[in-house]
Amino acid sequence: MELDVVSLSRLQFALTAMYHFLFVPLTLGLSILVAIMETVYVMTDRPIWREMTKFWGTLFGINFVLGVATGITMEFQFGMNWSYYSHYVGDIFGAPLAIEGLMAFFLEATFVGLFFFGWDRMSKLGHLAATWAVAAGSNFSALWILIANGWMQNPVGASFNPATMRMEIDNFFEVVFNPVAQAKFVHTVSAGYVTAAIFVLGVSAWYALKGRHIALARRSMAVAASFGLLSSLSVVVLGDESGYLANEHQRMKLAAMEGMWETEPAPAPFTVIGFPDSAARETHHAIQIPAVLGLIATRSLNTELPGIRDLVASAEQRIRSGIIAYDALQKIRAARGVEAAGPEVREAFEANGRNLGYAYLLMRHVADPRQATDAQISAAAWDTVPPVAPLFWSFRIMVGLGFYFIVLLGVFFWLSARQRLTQHRWLLHVAVWSIPLPWIAAEMGWLVAELGRQPWIIEGVLPTAIAVSSLGIAEVALTLAGFVLFYSVLFVIEIGLMLRAIRKGPPASADLAATLPAGAAIPRGAQPAE
Amino acid sequence: MTLHTLLDYETLRLIWWVLLGVLLIGFAATDGFDMGVGALLPFVAKTDVERRVAINTVGPVWEGNQVWFILGGGAIFAAWPPLYAVSFSGFYLAMFVVLAALILRPVAFKYRSKREDARWRNGWDWALFVGGFVPALIFGVAVGNVLQGVPFRLDEDLRPFYEGSFFGLLNPFALLCGLLSVAMLLMHGGAWLALKADGVVAERGRRYGLWAALATVALFALGGLALALFVDGYRITSAVVTDGPSNPLLKEAAVAPGAWFDNFAARPWLWVAPLLGLAGAAVAALLLRLRADGVAILASGLSIFGVISTVGLAMFPFVLPSSLDPRSSLTVWDSSSSHQTLFIMLVVTIIFLPIVLAYTAWVYRVLWGRVTERDVRAETGHFY
């Protein structure tokens with residue numbers, strides 16, 4: 001990757017987004033887990049559940065604040081680094097962002113103050129309502145940002161307006177009910193729930209191993225395992241693979257994830273492992289299971305999945321159509337209006353306008369797309385292939401971890417049902433060491449979704465390369481270095497405080513049921529009832 | 001979908017211009033006192049307990065207040081995409097500094113009191129100072145530059161190009177506006193401490209707030225004078241089309257001395273806005289002196305309302321004039337979202353803004369009362 005403003009801006013966006021996403025999944029899930037614990041407290045009136053709510057709430061707070069702080073960057077970065085993008089699609093993309101602020105951020109941020117400061121100032125039910133408002137706010141926020149992101153993957157309900165040189169909204173409901181966005185929402189929040197479940201499980205397992213806070217640990221593990229098992233199933237079953245059929249580039253993403261260069265006869269096989277080679281345009285040493293991919297992706301036995309080569313051929317057609325649209329647009333602008341340009345130009349634009357973005361792909365190779373040679377058109381068509389090997393591997397790591405989480409949470413759910421949560425020390429060790437894994441899975445998922453969208457910033461509409469701001473390379477390099485430095489320091493501080501809070505544990509009153517002396521061996525099979 | 005034609009494009013653009021003002025004023029009036037308290041922190045509170053009192057007056061509410069800022073970004077993106085695109089990429093490095101300061105602030109609030117170590121706490125206290133003072137200064141400097149026109153142009157594809165530098169932003173008039181902004185938020189922060197803190201912290205808040213209020217009066221008057229004497233306004237020189245496509249290049253505009261006073265000359269009742277800016281601050285100073293804390297914060301809020309409205313009214317219909325190529329200037333009539341998007345966003349706002357205001361008011365009511373040294377010493381775990 002050469003170091004130009006485009007790649008530096010992409011790197012900065014990727015780093016700040018992935019960093020932000022270190023905190024978001026835990027916020028999404030832990031807010032709900034804490035609310036569930038407080039609900040049990042309000043219903044049963046047992047103080048241990050209040051202590052649990054407060055303890056996990058403290059950890060929630062340390063994490064939440066960095067999610068909020070790094071989210072500020074996200075809200076403004078589109079305008080700072082992607083100003084042409086902001087102009088070009090702000091009419092559609094801005095709305096979900098603003099609604100997110102109005103509907104979600106206010107809710108979570110206003111009530112999170114009451115969650116921490118309001119314990120002595122409100123009735124139990126009042127406080128519980130505040131806690132659920134925080135959880136609802138966090139989850140609404142995920143909904144709206146994924147509606148925005150879903151539109152980048154599948155830009156429905158909008159069209160290009162030559163008078164304003166931008167995309168404008170036609171149908172807001174199509175944007176909100178975009179199938180790609182809905183699938184992403186379920187997938188992402190479920191992944192957040194799994195993250196929080198494994199976090200709570202792992203930390204509690206550590207207490208169990210140390211023989212500390214047993215009462216809190218055991219109850220927390222029971223809640224986390226049941227909530228987490230449901231969520232981990234939802235991640236896979238309601239995962240967003242079905243969204244990959246929504247449009248051509250989503251199919252390209254799917255083909256790249258699978259390293260599938262040729263169109264396979266239906267139902268397509270699933271490549272368990274292999275070595276995609278973008279230079280040779282084939283996947284070496286592939287081990288395949290027949291029919292599985294076709295079944296997962298199309299939910300049918302006879303729908304064909306196109307391979308990369310066929311999708312490139314189709315992109316080439318769209319580039320040629322895009323050139324006609326680009327030519328018509330220049331004539332419309334010269335005539336200062338669609339009507340003034342005459343019926344022939346108008347028809348050419350109407351017939352080919354949806355491929356205008358494909359003509360912009362040529363701008364990497366030639367200044368005026370109308371002058372493009374066949375070789376340049378072919379090169380631009382091959383540009384529509386995202387980096388295959390990183391997608392192939394990220395996807396496999398994510399899916400592998402996803403299945404591991406089901407097994408892990410399933411085992412603990414079973415142990416919890418049989419009241420043997422602390423019986424197998426080695427399982428507790430496994431739970432502790434599993435804590436970082438959901439974050440790896442989540443970041444891999446982000447890479448699959450966003451790297452898989454390249455070379456587009458808005459699929460089929462606007463290439464990433466022309467969406468950047470007209471900034472100097474030094475400016476972007478400076479802020480990139482600044483973010484890396486600043487964020488690294490904050491990360492170290494956050495992890496330090498988190499570990500400190502975990503080591504300190506809940507206040508002594510939380511050990512109401514823990515009658516064991518500190519450090520005592522865990523009794524086997526003879527725990528009091530949950 | 002033709003529902004959006006219920007309101008014509010011109011009216012919607014006007015409503016969204018007003019809402020833009022509502023958001024900026026909402027931000028300055030709520031998060032403004034958080035930033036003011038942050039910037040006053042090293043001066044109004046000397047000991048750790050005093051600092052915790054000051055911090056805990058805003059502890060439960062700064063997070064919600066800050067959403068006004070984030071929503072401001074989102075709403076400008078949704079309703080005024082060219083403004084979002086041009087201003088944030090143009091003021092790139094300044095924006096980076098603001099973001100860094102505003103990221104530091106939440107972390108400082110939350111993490112400061114997690115450890116006993118005095119150096120740790122002192123470090124975060126300075127972070128709170130930076131997180132209050134620096135954004136307040138830069139926002140004012142930015143407004144000062146906008147009033148003078150910003151060196152950007154749009155090409156035929158409406159791609160923005162910015163040709164100024166970071167240090168070019170730091171000219172005398174802009175710095176004057178920056179100081180006004182700082183004074184205004186210090187006044188507001190001081191008034192807040194007078195109302196919500198206790199004992200010596202409240203007393204110092206009153207004193208600093210009083211001086212800041214007097215500085216606000218002086219700097220605002222001086223700013224108006226400088227605007228009249230040294231800063232040229234802008235005028236649209238072609239026919240004004242209020243419901244045309246959002247394409248700034250379809251009009252002509254030019255630099256015009258005195259143009260920023262056109263609206264006040266045409267509608268003299270608009271002078272209410274600058275008068276409110278001056279009188280609000282003067283009354284706030286008086287009320288702080290009289291220890292009428294509950295009304296003082298209202299007066300300082302009115303002053304903020306007056307000052308921000310004055311800027312908006314002076315520039316109308318311009319929202320971001322271009323000194324490099326006046327034709328590229330962004331105005332209310334040519335830099336909004338589409339008719340339909342403005343309508344949808346208005347519906348959403350009409351539904352959700354009252355709900356937000358209602359529960360925000362409820363939360364403030366639950367948290368009513370002064371934060372005392374006894375409260376923070378009690379170590380209930382419910383304070384920072």
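Worth knowing before you read on, the calculation uses all heavy atoms, side chains too, and leaves out hydrogens, waters and symmetry mates. By convention in this document, chain letters (A, B, ...) are assigned in the order of the sequence lines, proteins followed by strands, and residues within each chain are numbered from 1.
With values rounded to the nearest 0.5 angstrom, A:Gln77 atom CD is found 10.0 Å from B:Met95 atom CE. Rounding to the nearest 0.5 Å gives a distance of 5.5 Å between CZ of A:Phe111 and CH2 of B:Trp362. Atom OG of A:Ser470 is separated from atom OH of B:Tyr162 by 12.5 Å, given to the nearest 0.5 angstrom. Atom CG of A:Asp170 is separated from atom OG of B:Ser338 by 9.0 Å, given to the nearest 0.5 angstrom. Atoms CE and CG, on A:Met165 and B:Leu158 in that order, are 6.5 Å from each other to the nearest 0.5 Å.
A distance-only check finds a donor-acceptor pair linking the side chain of B:Arg159 to the backbone of A:Ile466 [under 3.5 Å]. Remark: side-chain polar atoms of A:Glu75 are not paired, donor with acceptor, to backbone N or O of B:Leu71 under 3.5 angstrom.
The heavy-atom pair separating B:Pro81 from A:Ser86 by the smallest distance is CB-O, 3.7 Å. For B:Leu102 against A:Ile72, the heavy-atom pair with the smallest separation is O-CD1, 3.7 Å. Taking both residues in full, the closest heavy atoms of B:Ala78 and A:Ala98 are given as CB-CB, 3.9 Å, listed atom of the first, atom of the second, then distance.
Only the side chain of B:Asn56 comes within less than 4.5 Å of a heavy atom in chain A; its backbone stays farther off. Of the atoms belonging to B:Ile70, heavy atoms from both backbone and side chain fall under 4.5 Å from chain A. There is no contact between B:Trp80 and chain A, counting heavy-atom distances below 4.5 Å. In this structure, chain A has a heavy atom under 4.5 Å from the side chain of B:Met345, while its backbone stays farther away. Using a 4.5 Å cut-off between heavy atoms, B:Leu83 does not touch chain A at all. Neither the backbone nor the side chain of B:Ala79 has a heavy atom closer than 4.5 Å to any heavy atom of chain A. Contact annotation for B:Arg115: both backbone and side-chain heavy atoms come within less than 4.5 Å of a heavy atom of chain A. Contacts of B:Ile351 with chain A are absent, with no heavy-atom separation under 4.5 Å from either backbone or side chain. For A:Val489, no part lies under 4.5 angstrom from a heavy atom of chain B. Using a 4.5 Å cut-off between heavy atoms, A:Leu497 touches chain B through its side chain atoms alone. With a 4.5 angstrom heavy-atom cutoff, B:Trp120 touches chain A only via side-chain atoms. Residue A:Val89: no heavy atom, backbone or side chain, is found under 4.5 Å from chain B. Using a 4.5 Å cut-off between heavy atoms, A:Glu494 touches chain B through backbone and side chain atoms alike. Proximity to chain B involves both the backbone and the side chain of A:Phe78, based on heavy atoms less than 4.5 angstrom apart. Residue B:Val61 does not touch chain A at all, counting heavy-atom pairs closer than 4.5 Å. The parts of A:Ile62 that come within reach of chain B are both its backbone and its side chain, each placing non-hydrogen atoms under 4.5 angstrom from that chain. Contacts of B:Ser336 with chain A are made by backbone atoms alone, with heavy-atom separations under 4.5 Å and no side-chain atom involved. Only the side chain of B:Gln66 comes within contact range of chain A, judged by heavy atoms closer than 4.5 Å.
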Worksheet entry | Residues B:Val366, A:Phe117; criterion side chain to side chain contact (heavy atoms under 4.5 Å, CB included); working and verdict | CA-CA 10 Å; B:Val366 170; A:Phe117 292 80; over 6 Å; no
Practice prompt. Step by step, work out the side chain to side chain contact (heavy atoms under 4.5 Å, CB included) result for A:Phe116 and B:Glu63.
Written response: CA-CA 12 Å; A:Phe116 289 109; B:Glu63 219 148 359; 6.0 Å; no
Worksheet item: Which is it for B:Leu99 and A:Met80 under the side chain to side chain contact (heavy atoms under 4.5 Å, CB included) test, yes or no, and what are the steps along the way?
Response: CA-CA 11 Å; B:Leu99 290 184; A:Met80 289 170 65; 3.7 Å; yes
Practice prompt. Please step through side chain to side chain contact (heavy atoms under 4.5 Å, CB included) for the pair B:Thr341 and A:Glu168, ending with a clear verdict.
Written response: CA-CA 8 Å; B:Thr341 296; A:Glu168 290 185 357; over 6 Å; no
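By number of non-hydrogen pairs under 4.5 angstrom with chain B, the leading residue of A:Gly113, A:Gly94, A:Gly79 is A:Gly79. Highest contact tally toward chain B, considering only A:Asp91, A:Leu107, A:Thr164, A:Val65, is held by A:Asp91 [criterion: heavy-atom pairs under 4.5 Å]. With respect to chain B, the highest number of heavy-atom pairs below 4.5 Å among A:Pro96, A:Ala109, A:Ala95, A:Gly101 belongs to A:Ala109. For chain B, the option among A:Val68, A:Ile99, A:Leu97 with the highest count of heavy-atom pairs below 4.5 Å is A:Ile99. Here A:Arg166 is the residue among A:Met103, A:Arg166, A:Glu100, A:Arg336 with the most heavy-atom pairs under 4.5 Å with chain B.
Between A:Leu490 and B:Ile103 there is a side-chain heavy-atom pair separated by less than 4.5 Å. Residues A:Leu102 and B:Ile355 form no side-chain contact, since every pair of their non-hydrogen atoms from C-beta on lies 4.5 Å or further apart. Inter-residue side-chain proximity for A:Arg333 and B:Glu156 is flagged as met; some heavy-atom pair is nearer than 4.5 Å. Side-chain contact check for B:Val347 versus A:Phe172: every heavy-atom pair is 4.5 Å or farther apart. Between A:Thr58 and B:Lys114, some side-chain heavy-atom pair lies under the 4.5 Å cut-off.
A:Thr110 and B:Tyr359 share no donor-acceptor pair across their side chains, judged by distance under 3.5 Å alone.
For A:Phe177, the CZ atom counts as loosely surrounded, since its 6.0 Å shell holds 12 or fewer non-hydrogen atoms of other residues, nucleotides or ligands. In B:Tyr364, the OH atom is crowded: over 12 heavy atoms of neighbouring residues, nucleotides or ligands sit closer than 6.0 Å.
Taking the six-membered ring for Trp and the full ring otherwise, A:Phe483 and B:Phe96 have centroids separated by under 6.0 Å.
Each of A:Phe106, A:Phe105, A:Phe76 was checked for a ring-ring contact (aromatic ring centres under 6.0 Å, His included) with B:Phe69, and the lone residue meeting it is A:Phe76.
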